[in-house]
Protein chains: 2
Amino acid sequence: MSVGPSDGTPGGGGRTNLFSPVSVDRISEVIVEQVRLLIREGKLVPGDRLPSERSLCEQFGVSRVTVREALRVLEASGLVEIRVGARGGAFVTQPSSERVGKGLAELMTLASMTAGDVTEARMVFELGILPLVVERATEEDIADLRVLVEQGLNELENGSYTMAMSAAFHVRVASAAHNPAIEMLVRTFHGPMLMSLQQAHIAAPLMGPRGAHEHFELVEAIEQRDIDRARTIMTRHLQRTADRLAEYANPTLEDPGNEE
Amino acid sequence: MSVGPSDGTPGGGGRTNLFSPVSVDRISEVIVEQVRLLIREGKLVPGDRLPSERSLCEQFGVSRVTVREALRVLEASGLVEIRVGARGGAFVTQPSSERVGKGLAELMTLASMTAGDVTEARMVFELGILPLVVERATEEDIADLRVLVEQGLNELENGSYTMAMSAAFHVRVASAAHNPAIEMLVRTFHGPMLMSLQQAHIAAPLMGPRGAHEHFELVEAIEQRDIDRARTIMTRHLQRTADRLAEYANPTLEDPGNEE
DNA sequence: CTACCAAGAATGGTCTGACCAATACGCTCA
DNA sequence: TGAGCGTATTGGTCAGACCATTCTTGGTAG
C-alpha cells in the first residue's frame with residue numbers, strides 16, 4: 001500500500017502544510033508516543049498485552065519493521081517487556097524503582113559525576129530522610145532491617161561482604177520512610193555507586209566490622225525513635241565512607257588510620 | 001548467509017554450554033552492549049560518529065534491520081543521537097542531566113508516586129543542600145538567580161508565570177551547590193512535578209507574588225551567606241507549596257486563607 | 001571572480017516478503 | 001487419565017528495494 005513518501009499523507013510532499021503543523025519524522029516515534037499516552041492515561045495498565053506485531057502493523061497501517069522499532073524504544077524506556085513465543089508479545093511493565101535506577105545509573109557513570117559527588121548527595125538525602133524514617137518505621141521495617149544487619153555480620157565473618165549488601169541495607173532504611181519517591185532516589189544513588197566502586201575493585205574493603213556495627217546501632221536508634229542518635233550514627237557512618245572514598249580516589253593523602 | 005539458528009554459534013543447539021555461558025537472544029542487544037562498552041571505556045566520546053548503518057551491517061555481519069534496532073535502543077537510552085542526510089548517522093551524545101531527568105520523570109509519573117510524595121522528597125533534598133549552596137554559590141550563580149527572579153516578577157505582572165519558571169529557579173539554586181549529582185536530582189524532581197501539575201491544570205495559580213518574593217529573599221540570603229535565613233525562607237516556601245498541593249488534592253479541607 | 005543553482009552521492013526511514021526459533025495450546029494415543 | 005507430539009501463534013532476523021533528506025561538488029551565469 002505504500003505508506004512511503006508522496007502518498008496522501010500531509011507533510012509528505014511539497015503541499016502547503018497550513019494546518020498540519022509539525023508532522024512526522026519517524027513514524028515509529030508517533031507509535032511510541034501513542035502507546036506512551038495510553039499507558040499514562042491508564043488505558044493500558046501493567047500486565048496488559050499489546051496486540052501482536054502483525055496486528056499492530058494493520059492497525060497503524062505501517063510495516064512490521066516500523067512497529068518493531070517502536071517496540072524497541074518502548075522496551076528501552078522500560079515501559080514494556082517483550083516475550084517471545086505463542087501468547088508472547090509486548091506486555092506493559094510494572095514501573096519499578098529498580099528499572100528506573102538502572103537506566104539512570106548507566107548515564108550517571110557517563111556524566112561527569114565522581115563518586116564523591118554521589119556520596120555528597122547521598123549524605124544530604126539519607127540524613128534528611130532520617131526524621132521521616134524514625135517517625136514512620138513500622139515493626140516490619142525494623143524486623144527487615146535486623147535481618148539485613150545479621151546477614152551482613154554473617155557475610156562479614158566469612159569474608160563475603162559486598163557493597164551490594166550495604167546498599168540493600170541503606171535502601172531498606174529509606175523505604176521505611178514510606179515514600180516511593182524517596183525510596184527510588186536512594187536506590188538510584190546506590191546504583192552508580194556500586195558500579196563505580198566495583199569497577200575500581202575496591203568493593204570489599206569499604207565495609208568492615210565498624211560499618212556493620214553502625215548499621216546495627218542505626219536500627220536500634222530507629223527502633224527507639226531516637227532521631228538525634230540516628231542522625232549522629234548515620235553522619236559518622238556516611239562520613240567515613242566518604243573519607244574512604246576520598247582516600248581511594250587520592251591515595252597520596254596520609255592514612256586516616258582506621259579500619260572499618 | 002543465515003545468521004539464524006543452528007549455525008556454528010555455540011549455545012544454539014543442545015550442545016554442552018560449558019564455556020559459552022549465556023548465549024544470545026537478540027543480536028541487536030549484543031550490538032547495543034558493545035557500543036555501550038566502547039562509550040563507557042572512552043573509546044567513543046561525545047561528538048564521535050558511528051559508522052553508517054550499512055557499514056555496521058558489514059562489520060557486525062548482520063542485517064540492517066538488526067543494526068537499526070540496536071541504534072534505536074541506544075538512542076532511546078540517550079547515548080546517541082541520530083541525524084539523517086549525508087554526513088548524518090549516529091553521533092555519541094554529551095550525557096546531560098536534562099536527558100537523564102527526562103526519562104526518569106517519565107517513569108516517576110507512572111510509578112505510584114503522588115505529588116505529595118515528590119514534594120516531601122523535594123523538601124528533604126532542597127533544604128539539605130542549602131548549606132552547600134550558601135557556601136559555594138559564586139557571583140555568577142547569584143547573578144543568574146537574580147535574572148530568574150526578575151523574569152519571574154515580569155511574568156507575574158502580565159500573568160504569564162508558569163511552573164516551569166519556578167522549576168528553573170529551583171534547579172538553578174541547586175546547581176549552585178556545584179555538584180552534578182545534586183543538580184540532576186533536583187532536575188529530576190521538577191520533571192514529574194511539572195507533568196502532574198500541568199495535567200491537573202493547576203499550573204498557574206500555584207505561584208503568586210508571595211512565592212516570587214520568597215525567591216527574591218532566598219537569593220539575598222544566599223548572597224549574604226546566611227544559612228539560617230535561607231533555610232527559614234526555603235522551608236516556608238516549600239511548605240506553602242506542599243499545603244497548596246494538598247489543598248488541590250483534597251479540596252474538602254478548609255481554605256488556608258492565604259493568597260500567593 | 002563571485003554567487004547561485006543543479007546534479008550527484010551518502011545516509012537514514014520505510015516497505016515487502018520470507019524463513020527460523022521459541023512457546024503454549026490442544027489433540028491423539030497408550 | 002496422563003504423557004507426548006503436532007501445530008498455530010509470535011517475536012527475531014534476513015534480503016533487497018525505494019524514497020526523502022542533506023551535504024558536496026562542479027558548472028554556469030552574472
Side-chain angles (χ1 to χ4, degrees), chain A residues 1-15 17 22-33 48-76 80-92, chain B residues 1-15 17 22-33 48-76 80-92:
Chain A
M1 70 126 59
S2 107
V3 176
S6 18
D7 57 339
T9 311
R15 289 300 299 130
N17 43 1
V22 293
S23 67
V24 295
D25 275 38
R26 205 112 70 143
I27 299 176
S28 64
E29 207 56 37
V30 179
I31 298 179
V32 168
E33 214 45 53
D48 281 2
R49 174 177 170 280
L50 271 60
S52 73
E53 294 182 354
R54 290 170 177 86
S55 297
L56 289 172
C57 294
E58 294 179 13
Q59 297 187 33
F60 285 112
V62 300
S63 84
R64 210 175 139 214
V65 178
T66 304
V67 168
R68 284 178 59 75
E69 294 202 350
L71 290 178
R72 270 306 183 298
V73 173
L74 289 170
E75 189 189 26
V80 306
E81 171 194 3
I82 287 163
R83 297 204 278 269
V84 298
R87 297 305 172 97
F91 294 81
V92 179
Chain B
M1 65 134 60
S2 106
V3 177
S6 19
D7 55 339
T9 310
R15 289 298 300 127
N17 45 1
V22 294
S23 62
V24 292
D25 276 37
R26 205 111 71 140
I27 301 177
S28 64
E29 208 56 38
V30 179
I31 298 180
V32 168
E33 216 43 55
D48 281 2
R49 175 179 170 278
L50 270 62
S52 73
E53 294 182 354
R54 291 169 176 87
S55 295
L56 289 172
C57 295
E58 294 180 12
Q59 297 186 33
F60 285 112
V62 300
S63 85
R64 210 175 137 211
V65 177
T66 304
V67 168
R68 283 179 59 75
E69 294 200 349
L71 290 178
R72 269 310 184 299
V73 173
L74 289 170
E75 189 189 25
V80 305
E81 172 194 4
I82 286 162
R83 297 204 279 270
V84 298
R87 297 307 173 94
F91 294 82
V92 179

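FYI, side chains are in, hydrogens and waters are out, and symmetry mates aren't considered; it's all heavy atoms of this structure. Chain letters run A, B, ... following the sequence lines, proteins first, then strands; residues in each count from 1.
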Inset, instruction - Drop me the distance from B:Ile31's CD1 to B:Leu50's CG, to the nearest 0.5 angstrom. - result: 11.0 Å

Inset, instruction - Hey, could you give me the CG/CD1 distance between B:Leu74 and B:Ile82, rounded to the nearest 0.5 Å? - result: 8.0 Å

Legend entry - B:Thr66 side-chain N/O to D:dC14 phosphate OP1/OP2 under 4.0 Å: yes

Inset, instruction - Without swapping roles, check the side chain of A:Arg49 against the backbone of A:Gly88 for a donor-acceptor pair under 3.5 Å. - result: yes

Distances under 3.5 Å between nitrogen or oxygen atoms of protein and nucleotides 9-12 of chain D:
from	atom 1	to	atom 2	distance (Å)
D:dT9	O2	A:Ala86	N	3.2
D:dT10	OP1	A:Arg49	NH2	3.4
D:dT10	O4'	A:Gly85	O	3.4
D:dG11	OP2	A:Glu53	N	3.0
D:dG11	N7	A:Arg54	NH1	3.0
D:dG11	N7	A:Arg64	NH2	3.3
D:dG11	O6	A:Arg54	NH2	3.2
D:dG12	OP1	B:Arg26	NH1	3.2
D:dG12	OP2	A:Arg68	NH1	3.0
D:dG12	OP2	A:Arg68	NH2	3.4
D:dG12	N7	A:Arg64	NH2	2.8
D:dG12	O6	A:Arg64	NH1	3.1

Legend entry - B:Ser63 side, atom OG; B:Ile27 side, atom CD1 - distance, nearest 0.5 Å: 8.0 Å

Legend entry - Sequence neighbours excluded - salt bridge (charged side-chain N to carboxylate O under 4.0 Å, His left out) pairs with any residue from residues 57-69 of chain B: A:Arg68-B:Glu69, A:Glu69-B:Arg68, A:Arg72-B:Glu69, B:Glu53-B:Arg64, B:Glu53-B:Arg68

Legend entry - Length of the line joining B:Phe91:CZ and D:dC23:C1', which is rounded to integer Å: 12 Å

Inset, instruction - Could you state the atom-to-atom distance from CD of B:Glu81 to C1' of C:dT11 in whole Å? - result: 15 Å

